[in-house]
> 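Following this message is one structure expressed as structure tokens.
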Amino acid sequence: MPGSAPVPAPEIPTRLVVHSLVREDGTVDAGELYSVAGALGMSDQQVRLCIKRLVAEGRFTHEGRGRKALLRATAEGAEALMPKVEFTRYAYRQDRGLAPWDGVWRLFAFAIPESARPARDALRDTLLGLGAAAVQGGLYVSANAVGEYVEAAAERLGVLPAVTFLTSEDLRVGTVRAPRELAAALWPLPEISERYDRLAALAQAQLGRLEEGAAPAGTERLTMAITLAAEFTRAMEPDPLLPPELLPQPWAGSRARELADRCWTLLPGRPSDAPDGDRPRPRLFRLYADTADTDDTVDTDDATGTTSTAGTADTDDIRDIADTSGTATTTGTPRTGGRGPSPAGT
């Protein structure tokens, strides 16, 4: 857009490029991979080394040589490529007022001895991956109903007897009691908001290009898609998906996701834009189109105090959160292992 400052390009791992170019039939065309990677500033040697690692890990098989080669995702590789679509869909439901908070804080306390440090660290990473925040040593809080997944992880780790589960509608930390003030004190909301501002700036810049006229084709379109996917993932990773009731309004995440959704609506172009005629597109386009596809049923509390929806139940959404919990970082902002549907590996 005229007068706008250039949007910094996100850091894009080579592995993300490979995974993003997996087509609906599970293949990656090496020629397309080298072209797109080159457009993103990556060397051929960088791509070759990445392919070698992915094959060694058993995630892909490799047929042919050089740019005429074909990569094929294995069963293990295909599983690693599966997105957390429901997680991102849950964020869109929150943006649209379809997933209101029930006003309950879920707290988890544990005292695990040093002799079981690996299990203690793994449980902590699970909690961070589920979007919980540390209140103090050994005490974590979440605004989402993640208890059964924390329990499953603790049981798997053999530390369930050392974990206490409780809920409260009247949480106070020091003198802070108001829910929105608690959220601001416990989660790094300014940092998360800044990441979403970057996503919004990128999406706005891409919209300017996409709405000007002819849709980009071939390598240019794929490069734009991968760049948007990388920035979307970067913004979503540290987001605990707090209910809107706990966030400053307007929330940067809602605007950024809305702009990104508009980009994904325009990016695929026409079927005739697909390279090589009828060859399947990268699944990236479908995965992102799916994320904003939500039903219009508002979540309501039933007699048991649990929450249900039509089509996308909270428990299903949280299950996707739990599935990513093994890749949370141990310090700093918690990560979820990829909360956007970007098919990126670790």
Side-chain angles (χ1 to χ4, degrees), residues 1 4 6-25 27-29 31-42 81-85 87-89 91-92 95 195-237 253-294 338-344:
M1 297 178 64
S4 299
V7 179
E11 293 184 8
I12 302 176
T14 312
R15 183 173 297 221
L16 170 62
V17 180
V18 178
H19 286 171
S20 296
L21 293 178
V22 174
R23 298 180 177 276
E24 295 289 359
D25 62 0
T27 64
V28 178
D29 179 87
E32 185 172 73
L33 170 60
Y34 280 104
S35 295
V36 173
L40 290 168
M42 300 174 188
L81 298 176
M82 289 303 291
K84 304 304 176 187
V85 171
F87 200 127
T88 308
R89 184 175 291 140
Y92 278 106
D95 295 341
R195 287 172 177 250
Y196 277 122
D197 286 341
R198 283 187 46 156
L199 171 60
L202 175 65
Q204 190 71 67
Q206 289 199 359
L207 277 174
R209 295 177 59 190
L210 293 167
E211 293 174 345
E212 283 177 356
T219 298
E220 182 183 6
R221 183 180 68 229
L222 292 173
T223 300
M224 289 178 67
I226 292 170
T227 302
L228 182 63
E231 195 65 71
F232 191 96
T233 299
R234 179 182 178 274
M236 286 284 290
E237 276 183 341
S254 299
R255 175 175 180 269
R257 284 188 289 265
E258 189 272 333
L259 289 170
D261 182 44
R262 288 170 58 191
C263 283
W264 286 111
T265 300
L266 297 173
L267 265 173
R270 303 177 303 275
S272 59
D273 291 333
D276 296 346
D278 295 330
R279 193 170 73 177
R281 297 178 187 273
R283 64 181 65 172
L284 185 70
F285 293 103
R286 175 178 58 80
L287 298 181
Y288 272 93
D290 285 348
T291 61
D293 181 17
T294 65
R339 294 202 174 187
S342 173

> Taking all non-hydrogen atoms of both residues, which atom of C263 and which atom of A203 are closest, and how far apart?
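Closest approach of C263 to A203, heavy atoms only: SG-O, 3.3 Å.
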> Taking the basic N atoms (NZ, or NE/NH1/NH2) and the acidic carboxylate oxygens, is any pair closer than 4.0 Å for R234 and E231?
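A salt bridge is present here (some side-chain N lies under 4.0 Å from a carboxylate O).
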> Evaluate side chain to side chain contact (heavy atoms under 4.5 Å, CB included) for L284 paired with L222, printing each intermediate quantity in order.
CA-CA 9 Å; L284 185 70; L222 292 173; over 6 Å; no
> Please report the shortest heavy-atom distance between A230 and E11, naming the atom on each side.
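Scanning both residues completely, I find the closest heavy atoms to be CB-O, 4.4 Å.
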> Name the orientation class of the two ring planes belonging to F285 and W264 (parallel below 30°, tilted from 30 to 60°, perpendicular beyond 60°).
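Rings of F285 and W264: perpendicular, over 60°.
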> Please determine whether side chain to side chain contact (heavy atoms under 4.5 Å, CB included) holds for the pair V28 and H19, giving the CA-CA distance in whole Å, both sets of side-chain angles, and the decisive distance to 0.1 Å.
CA-CA 8 Å; V28 178; H19 286 171; over 6 Å; no
> Check L202 against L228 and note the closest heavy-atom contact, atom names and distance.
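That would be CD2-CA, 3.9 Å.
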> For the residue pair L267 and Q206, what are the closest heavy atoms and their distance?
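Where L267 meets Q206 most closely, the heavy atoms are CD1-OE1, 4.1 Å.
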> For the atom pair CD (E32) and OG1 (T219), what is the distance rounded to the nearest 0.5 Å?
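Going from CD on E32 over to OG1 on T219, the span is 7.0 Å.
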> Would you check if E258 and D95 make a side-chain contact, meaning some heavy-atom pair closer than 4.5 Å?
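E258 does not reach D95 side chain to side chain.
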> The test is side chain to side chain contact (heavy atoms under 4.5 Å, CB included); show your working for L259 and L199 and say whether it passes.
CA-CA 9 Å; L259 289 170; L199 171 60; over 6 Å; no
> When you measure from the side chain of T265 to the backbone N and O of D261, does any donor-acceptor pair fall under 3.5 Å?
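Here the side-chain-to-backbone pair exists.
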> What closest approach, in Å, do I226 and S20 show between heavy atoms, and which atom pair accounts for it?
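Reported closest heavy-atom pair: CG1-CB, 3.7 Å.
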> Quick one: closest heavy-atom pair of L16 and I12, and the distance?
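For L16 and I12, the tightest heavy-atom pair comes out as CD2-CG2, 3.7 Å.
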> Hey, does the side chain of Y196 reach the backbone of R257 with a donor-acceptor pair shorter than 3.5 angstrom?
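Checking the backbone N and O of R257 against the side chain of Y196, no donor-acceptor pair under 3.5 Å is found.
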> Using 0.5 Å steps for rounding, measure from the CG atom of L33 to the CE atom of M42.
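Here the rounded value is 9.0 Å.
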> Could you go through the side chain to side chain contact (heavy atoms under 4.5 Å, CB included) check for L210 and M224 one step at a time?
CA-CA 10 Å; L210 293 167; M224 289 178 67; 4.0 Å; yes
